[in-house]
Amino acid sequence: GLLSSTPAMAKSAGAEAFVGTFTDPINHPGGKRTIILTGEKIGDYQLAEVQGGGGRGEPANYVLPAAVIGDRTIVIDFSPKGGPRDF
C-alpha cells in the first residue's frame, strides 16, 4: 500500500532514508508505522524493524522484520500480521 511520511522526515542517505513514522491512510486509516534500524548488518543488508498498529483492519500493535538495501529498497516481512513475506 501507499505509505505517507511525516513532514519531519528529511532526505537522508543510505538506510537512514527509511527511518521515520508513516501512515497508510488508504489501507489502514488511523494506524502508524515506525521504521527503525536495528544496528545489525548482514552483507549489503541493513536490518530494520517496523513497529506499528492501531489502524482499521490490523492488530493494535505489531513488529515486523525488515531489511534495507542502499537508499532505494526496503523489504518488509508482513507475515506476522497475515500479509506477504517479502513486500
Side-chain angles (χ1 to χ4, degrees):
L2 177 66
L3 295 179
S4 305
S5 68
T6 59
M9 189 173 135
K11 290 185 180 180
S12 301
E16 293 287 331
F18 291 96
V19 172
T21 298
F22 304 87
T23 61
D24 185 355
I26 294 172
N27 295 310
H28 301 290
K32 293 201 177 196
R33 293 95 176 82
T34 299
I35 298 174
I36 62 167
L37 302 177
T38 66
E40 292 181 68
K41 285 189 88 169
I42 298 176
D44 292 335
Y45 296 88
Q46 168 66 57
L47 300 184
E49 226 176 54
V50 180
Q51 302 169 351
R56 186 182 73 217
E58 67 179 354
N61 295 292
Y62 59 80
V63 177
L64 307 175
V68 178
I69 308 160
D71 63 355
R72 299 182 59 112
T73 304
I74 185 168
V75 178
I76 302 170
D77 178 357
F78 283 91
S79 65
K81 68 175 226 140
R85 185 171 290 285
D86 58 356
F87 186 70

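Quick caveat, the model's predicted, so the values are computed rather than measured. Each residue takes its place number in the sequence, starting with 1.
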* Identify, with sequence neighbours excluded, every residue that meets side chain to side chain contact (heavy atoms under 4.5 Å, CB included) alongside Ala15. => Leu37, Gln46, Val68
* Scan residues 37-54 for pairs that pass salt bridge (charged side-chain N to carboxylate O under 4.0 Å, His left out), counting only residues two or more places apart or in two chains. => none
* Structure fact -> Here the pair of heavy atoms bringing Phe18 nearest to Ile74 is CE2-CG2, 3.5 Å
* Structure fact -> Taken in chain and number order and not counting sequence neighbours, the residues that satisfy side chain to side chain donor-acceptor pair (under 3.5 Å) with Thr38 are none
* To do: Would you mind reporting whether Pro65 and Pro80 have side-chain heavy atoms less than 4.5 Å apart?
  => yes
* Structure fact -> Sorted by chain and residue number, the salt bridge (charged side-chain N to carboxylate O under 4.0 Å, His left out) partners of Lys32 (sequence neighbours excluded) come out as none
* **Within one Ile-Leu-Val-Met-Phe-Trp-Tyr cluster: Leu47 and Val19, side-chain cutoff 4.5 Å** => no
* To do: Could you name each residue pair satisfying salt bridge (charged side-chain N to carboxylate O under 4.0 Å, His left out) that touches residues 78-87, not counting sequence neighbours?
  => Glu58-Lys81, Asp77-Arg85
* To do: Hydrophobic side-chain clustering at under 4.5 Å (ILVMFWY, transitive links): who's grouped with Ile69? Put none if nobody.
  => Tyr45
* To do: Is it possible for you to say whether Val50 and Phe87 belong to one hydrophobic cluster, with membership spreading through side-chain heavy-atom contacts below 4.5 Å?
  => yes
* Look up atom OG1 in Thr34 and atom CZ in Phe22, then write down how far apart they are to the nearest 0.5 Å. => 8.5 Å
* Once you round to the nearest 0.5 Å, how far does CG of Asp71 lie from CD of Glu16? -> 11.5 Å
